[in-house]
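Take a look at the structure below.
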Amino acid sequence: MGKTSKDKRDIYYRRAKEEGWRARSAFKLLQIDDEFNIFDGVHNAVDLCAAPGSWSQVLSKKLLNENEENPDRQRIVAVDLQAMAPVYGVKQIQGDITNINTAKEITSHFQNSKADLVVCDGAPDVTGTHCMDIYIQSQLLLAALNITTHILKPGGTFVAKIFRTRDVTLLYAQLRVFFPYIHCSKPWSSRNSSIEAFVVCKNYSPPEGYTPHMMNPLLIHKPCDFDELTGINRVIVPFVVCGDLGQPDSDTCYPLNFEGKEYTYHEPVQTPIDPPYQEALSLLADRDTDFRRPDVSVVVDNLNSMTISDFKKQAKQKSKTKNEHKTCEMRDSKDNKPSEDLPGLQELMSNALSIESGNEANG
């Protein structure tokens, strides 16, 4: 988000930059805590899908004392496929939440004990096709629930992002199997135009005899008749708006000089340290391999039997060889140019001498 971004008008985006949060989503977790007190009695916590780390910052601020010289760095664990910059007192694991080895690594950092709190603010890269985005988000939530059954102790709390849609009751029913206390919360910092909300599940109580596993319980693909759901399968979850009425509205445009404070532009707190497009930028930075230019062409052999990475390596190598050949030709042409132009130069000098001698004779 740059200086010309329309999100500069977002009060929570501006406050996040002023207060040192990596993203505006930090206020969502803070407002959820104001309503449900999710940090009470928490010693160990896990942040799933943590990058860029705003929720990890909140956990660090709420659970750790920054004045400690030797903080207990095993109390908070952040997990994500993408690397992120260090956060005070947070152990980072770059791993997949659908892998059992990730769950084992998390518990090993807690000395084979389990967490009191698991939070997940993960969301898919939206495609614009709402049905697809909603389905992927529901599967991400179930994946987070699967690993939570491995790392959360009985009586613990689970907080995760959810998209409120027509079939959300099915997700509530699946969560109700493990948590008797479920609320759907909408923080003030979450835009009203967004269908996102957060489920707050307390008092983790797995069914008797349940064995945690990493098999993803996919949602059914046929239409669901909610009138047929009875008992525990028929769940009505209370909806709560988090935050008091004095909180700014995330969908309202406020003046830059808000609440009498003069606005000063702040650079983003945390820029991506390993963005997915980093390799593309490195290719574009090299003019010889900028494939957007029409005059860049290479011939690659065995295209059907190579990966994209191999193709890029071979293309760069062939382009480099081609450029070196051009450089040698230019160097040779420069070396031969004086010898080629020498006869003409001698003829020009002889003509100049004859003209000069003629002028002297006439004088």
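Treat the numbers as computed from the prediction; the structure is a model and nothing was measured. FYI, the numbering just counts along the sequence from 1.
Following chains of ILVMFWY side-chain contacts shorter than 4.5 Å, one cannot reach I162 starting from I195, and the two form parts of different hydrophobic clusters.
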Run the salt bridge (charged side-chain N to carboxylate O under 4.0 Å, His left out) test on R14 and E19 for me, step by step, so that the C-alpha distance in whole Å, both residues' side-chain angles and the decisive distance to 0.1 Å come before the verdict. CA-CA 9 Å; R14 284 154 38 194; E19 298 178 16; over 6 Å; no

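Ring-plane geometry between F158 and F179 is classed as parallel, the angle between the planes falling under 30 degrees on a 0 to 90 degree scale with a further cut at 60.
Looking at D47 and S56, their side chains do bring a donor and an acceptor atom within 3.5 Å of each other. A side-chain donor from one of S189 and Q31 sits under 3.5 Å from a side-chain acceptor of the other.
In terms of heavy atoms, H150 sits closest to K114 at O-CE, 3.4 Å. Residues R22 and P52 share a closest heavy-atom pair of NH1-O, 2.9 Å.
For the atom pair OH of Y181 and CZ of F36, the computed distance is 5.5 Å after rounding to the nearest 0.5 Å. Separating the OH atom in Y88 from the CD atom in Q57 is a distance of 14.0 Å, to the nearest 0.5 Å. Considering CZ of F198 and CG of D121, their distance stands at 4.5 Å, rounded to 0.5 Å.
The environment of N192 atom CG is dense: over 12 non-hydrogen atoms of other residues, nucleotides or ligands sit within 6.0 angstrom.
Salt bridge annotation for R191-D10: present, with a cationic side-chain nitrogen under 4.0 angstrom from a carboxylate oxygen.
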